[in-house]
Q: 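Input: one structure, supplied below.
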Amino acid sequence: MIVITGSEGFIGSCLVARLNADGYNDLILVDDFSDGDRSQNLVGKKYTQKVMRADFFSWLDAHENQVQFIFHIGARTDTTEMDEQIFKILNIDFSQTLWDKCVQYGLPLVYASSAATYGEGENGYDDDVTKLTELKPLNPYGRSKNEFDKWALQQSKQPFFWAGLKFFNVYGPNEYHKGRMASVILHAFKQINESGKISLFRSHRDDYKDGEQKRDFIYVKDLTDVCVFFMHHRKNSGLYNLGTGKARTWNDLAKSIFDALNKPVQIDYVDIPEDIRDKYQYFTEANMHKLIAAGYTTSFTPIEEGVKDYVTNYLIDKTYC
């Protein structure tokens, strides 16, 4: 059995699809399945059982001898949520209990961390664990992820193998339910269909032109490939960046969407709202040397190819992976 927490969400459901594609169907899906907006993400997928998040630890106590691997993808990911207690319960306390269970039962663990831990990037984007205490996340979500990363590294008892993956800007199918937290690609696709153009943030810095702010965009299919890599290569425990290692501009992203739709590029630049302007990131780029050193050699999908696949094979007909 393979356990996937957050299995009904964007990344979790794509991981289920990836495992199914490799013939892994004895899957235990863990989530709060009361949110009907996400139920389509699991249609057609093969699994053994759904377990409500609130019941998971009692389930694991009863079935631990049947479990071979745990992917802990579930988390509260809303970067605009300001209630620290929500993140403590869902992102820290739950993760710590799961960690302890993996230690107790000898289970390998891959969990989702986040590039939100890097804050404005003033200390760079290196997955060097000696720099964790220097990081300054900009919101409770990022702080919760960083607090768990720090806690994990401080533990004298650790799973025999574990990896915390710092996801950068992930895009791809099965994010229809995410609303304002969905990727810019999904929002831009809707804007283009409605008006023929999209809006990007204007630059408020002299060293960046409008739309030339950069992000490390990673296609969700690449992300799930890395998850499966670690399932098969259970060595070199630790924290790993998971981006592409190549930052691309918002203008590049926009052009890729227009090209995928065979439409002329039309971009409006709008001011960054004042309440987030001081915290807006102008550049993110994952240092990927650590993952490569661990033996991962597969190339990451260029944004032009990833966007084309996402738009033409999923967004146009609103299909799911």
Q: Can you get from Ile92 to Leu138 by hopping between Ile, Leu, Val, Met, Phe, Trp and Tyr side chains that sit under 4.5 Å apart?
A: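 Different clusters: Ile92 never reaches Leu138 through Ile, Leu, Val, Met, Phe, Trp or Tyr contacts under 4.5 Å.
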Q: Do Asp222 side-chain atoms and Phe300 backbone N/O form a donor-acceptor pair below 3.5 Å?
A: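 Absent.
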Q: For the OG1 atom of Thr48 and the CG atom of Asp26, what is their distance to the nearest 0.5 Å?
A: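 One finds 3.5 Å between OG1 of Thr48 and CG of Asp26.
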Q: Would you say the side chain of Trp162 lies within less than 4.5 Å of the side chain of Cys102, judging by non-hydrogen atoms?
A: no
Q: Is Arg234 positioned over the aromatic face of Phe160, cation under 6.0 angstrom from the ring centre and no more than 45 degrees off axis?
A: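 That pair does not qualify as a cation-pi contact.
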Q: Check Glu120 with Lys136, please: is the shortest side-chain N to carboxylate O separation under 4.0 Å?
A: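 Between Glu120 and Lys136 there is no salt bridge, as every charged N stays at least 4.0 Å from the carboxylate O atoms.
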Q: Aromatic ring centroids of Tyr171 and Tyr219 under 6.0 Å?
A: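 Yes, they do, as the ring centres are separated by less than 6.0 Å.
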Q: For the side chain of Thr5 and the backbone of Val30, is there at least one donor-acceptor N/O pair under 3.5 Å apart?
A: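 Checked: no pair found.
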Q: Decide, yes or no, whether a salt bridge links Lys255 with Asp259 under the criterion of side-chain N to carboxylate O below 4.0 Å.
A: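 Counted as a salt bridge, because a side-chain N and a carboxylate O are separated by less than 4.0 Å.
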Q: Between Tyr280 and Arg215, is there a cation-pi geometry (under 6.0 Å to ring centre, at most 45° from the normal)?
A: yes
Q: How long is the span from the NZ atom in Lys50 to the CG atom in Leu27, to the nearest 0.5 Å?
A: 12.5 Å
Q: Consider only side-chain heavy atoms of I, L, V, M, F, W and Y, link residues closer than 4.5 Å, and tell whether Phe161 and Tyr24 are in one cluster.
A: yes
Q: Short question: side chain of His187, backbone of Gly179 - any donor-acceptor pair under 3.5 Å?
A: yes
Q: Does the distance from a Lys or Arg side-chain N to an Asp or Glu carboxylate O, for Arg38 and Asp31, drop under 4.0 Å?
A: yes
Q: Any carboxylate oxygen within less than 4.0 angstrom of a Lys/Arg side-chain nitrogen, looking at Lys150 and Glu147?
A: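 Judged by the 4.0 Å cut-off on N to carboxylate O distance, Lys150 and Glu147 do form a salt bridge.
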Q: Are Tyr296 and Phe230 near enough that their ring centres are under 6.0 Å apart?
A: no
Q: Assess the residue pair Lys214 and Asp252 against the criterion (salt bridge (Lys or Arg N to Asp or Glu O under 4.0 Å)); give the C-alpha distance rounded to whole Å, side-chain angles, the decisive distance to 0.1 Å, and a yes or no.
A: CA-CA 9 Å; Lys214 291 185 175 182; Asp252 290 338; over 6 Å; no
Q: Please determine if Lys263 forms a cation-pi arrangement with Phe258, meaning its NZ or CZ atom is less than 6.0 Å from the six-membered ring centre and no more than 45° off the ring axis.
A: no
Q: With clusters defined by side-chain heavy atoms of hydrophobic residues (ILVMFWY) lying less than 4.5 Å apart, directly or transitively, does Leu109 cluster with Leu90?
A: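 Leu90 does not cluster with Leu109.
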Q: Can a salt bridge be assigned to the pair Asp127 and Lys166 using a cut-off of 4.0 Å between side-chain N and carboxylate O?
A: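 No.
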Q: Could you check whether Tyr111 and Phe148 have their ring centres less than 6.0 Å apart?
A: yes
Q: Are the aromatic rings of Tyr282 and Trp250 close, with centres under 6.0 Å apart?
A: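 Ring centroids of Tyr282 and Trp250 are no less than 6.0 Å from each other.
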Q: For the side chain of Ser13 and the backbone of Asn174, is there at least one donor-acceptor N/O pair under 3.5 Å apart?
A: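 No; judged by distance alone, with no hydrogens or angles, the pair does not exist.
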Q: Just one of Phe71, Phe56, Phe69 clears the side chain to side chain contact (heavy atoms under 4.5 Å, CB included) bar with Val3, so which one?
A: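 Only match with Val3 under side chain to side chain contact (heavy atoms under 4.5 Å, CB included): Phe56.
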Q: Can you label the angle between the Tyr314 ring and the Tyr310 ring as parallel, tilted or perpendicular, going by 30° and 60°?
A: tilted
Q: Strictly below 4.0 Å, N to O, side chains only: are Lys101 and Asp61 in salt-bridge contact?
A: yes
Q: Is the closest basic N to carboxylate O distance between Arg18 and Asp22 below 4.0 Å?
A: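 Yes, Arg18 and Asp22 are salt-bridged.
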Q: Decide whether Phe167 and Leu291 are clustered together by the hydrophobic rule: side chain heavy atoms of Ile, Leu, Val, Met, Phe, Trp, Tyr closer than 4.5 Å, transitively.
A: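 Cluster IDs for Phe167 and Leu291 match.
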Q: Quick one: do Lys246 and Asp216 make a salt bridge, cutoff under 4.0 Å?
A: no
Q: Is a donor on one side and an acceptor on the other found under 3.5 Å between the side chain of Asn20 and the backbone of Lys46?
A: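 Checked: pair present.
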